[in-house]
Number of protein chains: 2
Amino acid sequence: MGSVEEQPADGGTGSIAHRVPDLGALELLLAVARLGSLGAAARELGITQPAASSRIRSMERQLGVALVDRSPRGSRLTDTGALVTDWAGRVVEAARAFDAGAQALRVRRDSRLRVAASMTIAEYLLPGWLLALRAGRPDTAVSLLAGNSAAVAERLLSGEADLGFVEGLTVPPGLDSAVIAHDHLIVVVAPAHPWARRRRPLPAAELASTPLILREKGSGTRQVLDTALGGLARPLIELSSTTAVKAAAVSGAGPAVLSELAVGEELGLRRLVKVPVEGVALARDLRAVWPTGHRPAGPARELLSLTRG
Amino acid sequence: MGSVEEQPADGGTGSIAHRVPDLGALELLLAVARLGSLGAAARELGITQPAASSRIRSMERQLGVALVDRSPRGSRLTDTGALVTDWAGRVVEAARAFDAGAQALRVRRDSRLRVAASMTIAEYLLPGWLLALRAGRPDTAVSLLAGNSAAVAERLLSGEADLGFVEGLTVPPGLDSAVIAHDHLIVVVAPAHPWARRRRPLPAAELASTPLILREKGSGTRQVLDTALGGLARPLIELSSTTAVKAAAVSGAGPAVLSELAVGEELGLRRLVKVPVEGVALARDLRAVWPTGHRPAGPARELLSLTRG
DNA sequence: TGGGGACATAAGCTGGGCTTATGGGGAGTG
DNA sequence: CACTCCCCATAAGCCCAGCTTATGTCCCCA
């Protein structure tokens, strides 16, 4: 009926939200897969059976694929349904990590465990730890404050935080620490960039003289880079999140310097290529820290033990 | 104003969709981070500036956190905004993989590249490859058919598919192949399960005599396990997607046997524990396959080269 | 043959998100 | 100093997706 839909072509970029079912629908699909029935899934999510039925059906319409085989004694996934469900699982998993992190940002007062962490750790490692902690101790309210090493130290020493994580080269005075992981900053470019075809390591001087896509001044990553290059890093553009830096690098805007934790997936899929560099030390330790003498106990100890994964 | 909000407590499980902004909002946040302005982000997503403004604001209300600093010359992320944006990036990334896969399931006709793949590969590796392919060749329409090895072979030999991927122990007759990766099935249990504390490898006989959480009969994983155990695997329960099996194992229902590709994240976070097993061969190759003599060319060759990542 | 479990359909409500229209606050320019 | 441009915010109104309640159909089993 009506007029022909104007399909905006949408070549690759462009809003994905219209083509992917929303999180509620994906969650519902997972529940159906697990419980084997639309009605049971609906009960679990606190909606009615017709709501679940209609939601699954509209998801099938949107994707253009049959997802479940309905029968008078339950519903089972089709083959493609099983596939879609597994893909959905990864979206929902990422959303759970998001939720765990966001909840920690919100709950300021009366938290049982107050964590202060530097950016790289808060971005890439903490959400997973929070999920694991929640699995073991569902009632532990955690609050999270992200900042640079100095801010983390200050919170710990003033008693406003119970456990900290820093990624610098040095441990702030007054704190004990334990190394929990190692990190390297790496130079990455889009596959089309000339540096992607270099066979020889890039000299530090050339890195220092080339404009780079960077986080803004004050970020831990930026500080390590500036120190390593002798305060010389030249910004091509300064962006306000690691994700934005990655997006710019992938789009070919120029070389970027990022934690290898940040670009694992991009490297695996060849969306970014690592450029070897010589003559500059870009390694750093990731450490848990706490006020000297106050060994972590209770929930803090619990969290610390998760970081040995 | 109004009454006190009834907070449903919602301890850990329970629908996440109400606490996490929807994909459109997350995408908008990423655009704001990248472009530095609400209006520019709105234009990129094809909505109006007031819509973007209101959406970001309601996201801030939902999360209880300020995300962007607005000024008369643009908007920049706050510190916590940068953190949230990075977390959002991973959700959106998973959604893009979902979309790439779903699109391949849908476009049946006139696809330039028709792929047939077995489940494990379609679940865990293909979406990434499709994203990479789309980045390089945005106009290559790909169709995907998932099935067992026999079905993959049949499609290839009948000319209904250009390139296949199988995960069995043997290569179907009439096909050439190249090993692209190795996979191992592993036994996993929740950390609380007695097997999690075993020091000695589990004898194959004990594995065979213990009821397990399994994919249903006919799945490639199940076949490999049945063969390895001599047709003896006893199901505790049979579920219709890998995700459902993982969820059951994590919840402590019993031991599960899964590809290590499927449980990398769960192992890292200690949500599942690997149980060593002795006396049974659970390794298998992942292979690209094509009709004997018809070396992949064009888009198929392109895709094949991505699999060497 | 009656009951129960599971899914489908229909009708009506509500709210979130979009649009258009309008206003205010810096910054650069003659 | 006014003019203009580029931000962002607010207000009013529309529309559709998704929910609920009520009811129908199918199949299995006692």
Side-chain angles (χ1 to χ4, degrees), chain A residues 1-3 5-6 8 14-29 31-63 66-78 81 240, chain B residues 1-3 5-6 8 14-29 31-63 66-78 81 240:
Chain A
M1 299 293 165
S3 63
E5 296 282 330
E6 184 82 11
S15 84
I16 225 168
H18 305 299
R19 288 177 298 182
V20 176
D22 65 41
L23 291 170
L26 298 181
E27 225 178 344
L28 175 61
L29 181 62
V32 171
R34 186 157 31 83
L35 301 172
S37 135
L38 294 185
R43 277 192 297 280
E44 179 171 278
L45 297 186
I47 61 177
T48 60
Q49 171 267 319
S53 175
S54 123
R55 203 142 191 210
I56 294 284
R57 188 170 295 282
S58 68
M59 180 160 42
E60 290 178 313
R61 222 175 329 112
Q62 179 181 21
L63 297 178
L67 298 174
V68 305
D69 272 335
R70 298 146 173 87
S71 89
R73 351 184 256 307
S75 293
R76 302 182 21 72
L77 295 178
T78 61
S240 45
Chain B
M1 304 279 174
S3 63
E5 296 282 329
E6 184 81 14
S15 85
I16 223 166
H18 305 298
R19 288 177 297 181
V20 177
D22 66 39
L23 292 170
L26 299 181
E27 223 178 347
L28 175 61
L29 181 62
V32 171
R34 186 158 30 85
L35 301 172
S37 134
L38 293 185
R43 277 191 298 280
E44 179 173 276
L45 297 186
I47 61 177
T48 60
Q49 171 266 317
S53 175
S54 123
R55 204 143 190 210
I56 294 283
R57 189 170 295 283
S58 69
M59 181 161 38
E60 290 179 313
R61 221 177 327 113
Q62 179 180 20
L63 297 178
L67 299 174
V68 305
D69 273 333
R70 298 145 173 89
S71 89
R73 342 182 264 307
S75 293
R76 302 181 22 73
L77 295 178
T78 61
S240 44

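Note that this is a predicted model, so its numbers are computed, not measured. Order of the sequence lines fixes the chain letters, A, B, ..., with proteins taken first and strands second; residue numbering starts at 1 for each chain.
Scanning for side chain to side chain contact (heavy atoms under 4.5 Å, CB included) contacts around B/Arg70 gives B/Ile56, B/Arg57, B/Glu60, B/Val68, B/Ser75, with sequence neighbours left out.
At the heavy-atom level, B/Ser54 lies nowhere under 4.0 Å from the strands shown. Heavy atoms of A/Ser75 sit under 4.0 angstrom from primed sugar atoms or phosphate atoms, though from no base atom. Using a 4.0 Å heavy-atom criterion, one finds that B/Asp22 contacts the sugar-phosphate atoms exclusively.
In this structure, B/Gln62 atom CD and C/dG16 atom P are separated by 11 Å, rounded to whole Å. Distance CG (B/Leu45) to C1' (C/dC18): 13 Å, rounded to an integer number of Å. Per the geometry, CZ belonging to A/Arg76 stands 15 Å off P belonging to C/dA6, to the nearest Å. In this structure, the CD1 atom of A/Ile56 is 16 Å from the P atom of C/dA6, given to the nearest Å. Atom CD in A/Gln49 sits roughly 17 Å away from atom P in C/dG4 (whole-Å rounding). In this structure, A/Leu23 places its CG atom 16 Å from C1' of C/dG16, rounding to the nearest Å.
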Where along nucleotides 25-30 of chain C does protein come under 4.0 Å, by heavy atom, of base (B) or sugar-phosphate alone (S), with - for untouched nucleotides?
BSS---
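Heavy atoms only, all atoms of each residue included: B/Leu63 and B/Pro21 are closest at CD2-CD, 4.1 Å. Annotation for A/Glu27 and B/Ser15: closest pair OE2-CA, 3.1 Å, computed over non-hydrogen atoms. Pairing each heavy atom of A/Ala31 with each of A/Ala41, the nearest pair is CB-CB, 3.7 Å. When every heavy atom of A/Glu44 is checked against every heavy atom of A/Leu35, the shortest pair comes out as OE1-CD1, 3.9 Å. The nearest pair of heavy atoms linking B/Ala52 to B/Ala42 is CB-CB, 3.7 Å.
With distances taken from any side-chain atom of A/Arg70 to the nucleotides C/dC7, C/dG17, C/dT19, the minimum falls on C/dC7.
The shortest distance between side-chain heavy atoms of B/Arg55 and B/Asp22 falls below 4.5 Å.
Atom CG of A/Leu77 is separated from atom CG of A/Leu29 by 6.0 Å, given to the nearest 0.5 angstrom.
The side chain of B/Thr48 places an N or O atom within less than 4.0 Å of a non-bridging phosphate oxygen (OP1 or OP2) of C/dT19.
Map A/Ser58 and B/Gly39 each onto its nearest nucleotide of DNA chain D; the residue landing nearer the 5' end is B/Gly39.
The backbone N or O of B/Leu67 lies less than 3.5 Å from a partner atom in the side chain of B/Thr78, making a donor-acceptor pair.
Here the range on DNA chain D touched by chain A, meaning any atom under 4.0 Å from one of its heavy atoms, is D/dG18 to D/dC28.
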